[in-house]
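When a ligand or atom number is given, it counts from 1 through the structure's own listing order.
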Amino acid sequence: MENLKEDSMKMHNFSAGPSIMPAEVFEEASRAILEFNGGGMSLLEISHRSKPFQDVMDEAHALVYELMGLSDDYKVVFLTGGASTQFFQVPMNLLNDGEKALYLETGVWASRAIKEAKFFGNPIIAGSSREANFNFIPKDLNIDPEARYMHITSNNTIYGTQQHWWPDVAMPLVCDMSSDIFSREFPLEKFGLIYAGAQKNMGAAGTTLVVVRKDMLGHVNRTLPTMIDYRTHIDNGSMYNTPPVFPIYVSMLVMRWIKKMGGVKAMEDINEAKAKILYDEIDRNPLFKGTTAVEDRSRMNVCFVMEDPSKEEAFMNLAKANGISGIKGHRSVGGFRASIYNAMPQSSIQVLVDLMRDFEQTNG
Ligand SMILES: *Cc1c(COP(=O)(O)O)cnc(C)c1O
């Protein structure tokens with residue numbers, strides 16, 4: 001089995017999500033499916049209430065506290081339904097009918113969050129880059145001080161923009177960190193709630209991490225269905241019902257790996273260096289150009305096109321022939337998108353950069 005994974009590791013996977021994970025996580029997760037913890041049974045067939053799985057859940061929670069530097073004021077839960085479920089679960093838990101919340105409209109995911117918030121409150125768009133196909137992060141914001149929270153998307157996976165500053169507002173930030181969680185440090189004290197689908201930067205599809213400050217909850221007067229009330233999952237240690245055991249286990253392994261790599265600050269330094277290699281080539285190479293405002297460039301999803309779009313197919317073919325997978329840009333942006341999450345090695349980025357240089361030599 002080890003060999004099987006090694007053989008398939010020749011691909012350079014730049015997919016936006018589900019996406020690359022550390023090779024050792026794939027190996028350990030595979031072993032756990034065959035036999036978990038030497039107990040003669042698969043991780044997938046043991047009770048979620050058994051001690052071996054309770055240990056996984058406890059370690060997963062503890063690693064979130066440790067990696068993010070959370071105090072006891074914050075509660076951590078692993079839920080299901082993806083980040084898309086948080087688009088409505090957040091306003092259901094935090095907003096009364098008609099109550100205002102600010103939303104920064106920085107992409108399709110943010111727009112979907114706004115759409116859902118309308119069902120349970122009054123989302124006000126504090127800034128939008130919709131007119132520019134979301135190729136920048138709006139900086140002139142309309143801040144209504146009455147709003148209960150301000151929702152932002154820390155990294156816009158489709159467009160390749162990222163918040164490199166945090167809105168200076170009195171109300172707590174609520175943040176969709178699906179595509180850059182654990183990729184960098186952030187000022188925790190500004191954040192009242194953070195959510196992230198696991199499948200971009202922290203694991204396998206099937207679980208969503210939610211981190212919420214205790215004082216955010218208990219404010220709404222609507223009746224919340226039991227499964228939708230965050231307090232149900234907090235009070236039951238993410239085990240009110242059967243949790244998605246395998247995705248949680250994989251997230252735990254990824255967090256262990258991040259810790260071993262030196263933690264979130266170490267990841268941030270590595271991610272900055274990795275992104276610079278690719279952006280430097282995009283800026284140097286006359287055949288390519290970036291698609292976003294330079295100051296808002298994402299260190300997770302690098303979007304670029306060719307000056308001559310008719311050459312894009314030839315470059316895509318060259319990339320594919322060299323084991324590069326997943327760099328086709330989202331249909332709403334076109335061109336290319338190289339997703340370079342935590343687990344993406346610098347060597348794979350170098351392969352892509354070398355191909356861009358080769359292409360310049362032969363097609364420039
Ligand atoms: C992928 C993504 C989503 C959607 O996540 P699901 O888990 O598929 O619901 C939401 N927000 C951002 C920023 C994303 O990248």
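For ligand 1, the atoms closer than 4.0 angstrom to any heavy atom of Gly82 are 7 (O), 9 (O). Proximity to Phe87 (heavy-atom distance under 4.0 Å) selects the following atoms of ligand 1: 10 (C). Each of the following atoms of ligand 1 lies closer than 4.0 Å to a heavy atom of Asn155: 13 (C). Contact atoms of ligand 1 toward Gln199: 5 (O), 6 (P), 7 (O), 8 (O) (distance under 4.0 Å to a heavy atom of the residue).
Between the choices Met300, Arg112, Lys200, the shortest heavy-atom distance to atom 1 (C) of ligand 1 belongs to Lys200.
Annotation for Asn201 and Ile181: closest pair ND2-O, 2.9 Å, computed over non-hydrogen atoms. Taking both residues in full, the closest heavy atoms of Asn342 and Ser183 are given as OD1-CA, 3.6 Å, listed atom of the first, atom of the second, then distance.
Nearest non-hydrogen protein atom to atom 11 (N) of ligand 1 is Asp176 OD2, 2.6 Å. The protein atom (non-hydrogen) at minimum distance from atom 15 (O) of ligand 1 is Thr157 OG1, 2.4 Å. Ranking the protein heavy atoms by distance from atom 5 (O) of ligand 1 puts Ala83 CB, 3.5 Å first.
In this pair, Phe336 and Phe315 present their aromatic rings perpendicular. The plane angle is above 60°, beyond the 30 to 60° band.
A side-chain donor-acceptor contact under 3.5 Å links Glu99 and His219. Side-chain contact check for Ser154 and Gln163: no donor-acceptor pair (N or O, by modelled atom type) lies under 3.5 Å.
Residue Thr153 has no nitrogen or oxygen atom sitting less than 3.5 Å from a nitrogen or oxygen atom of ligand 1, judged on distance alone. For ligand 1, the polar-atom distance check finds an N/O of Ser84 within less than 3.5 Å of one of the ligand's N/O atoms.
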(Q) As a quick check of understanding, evaluate side-chain contact (heavy atoms from CB on, under 4.5 Å) for Lys118 and Phe88, giving each step before the final call. (A) CA-CA 9 Å; Lys118 283 180 188 159; Phe88 71 82; over 6 Å; no
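Distance alone, capped at 3.5 Å, is enough to place a donor-acceptor pair between the Ser298 side chain and the Asn301 backbone.
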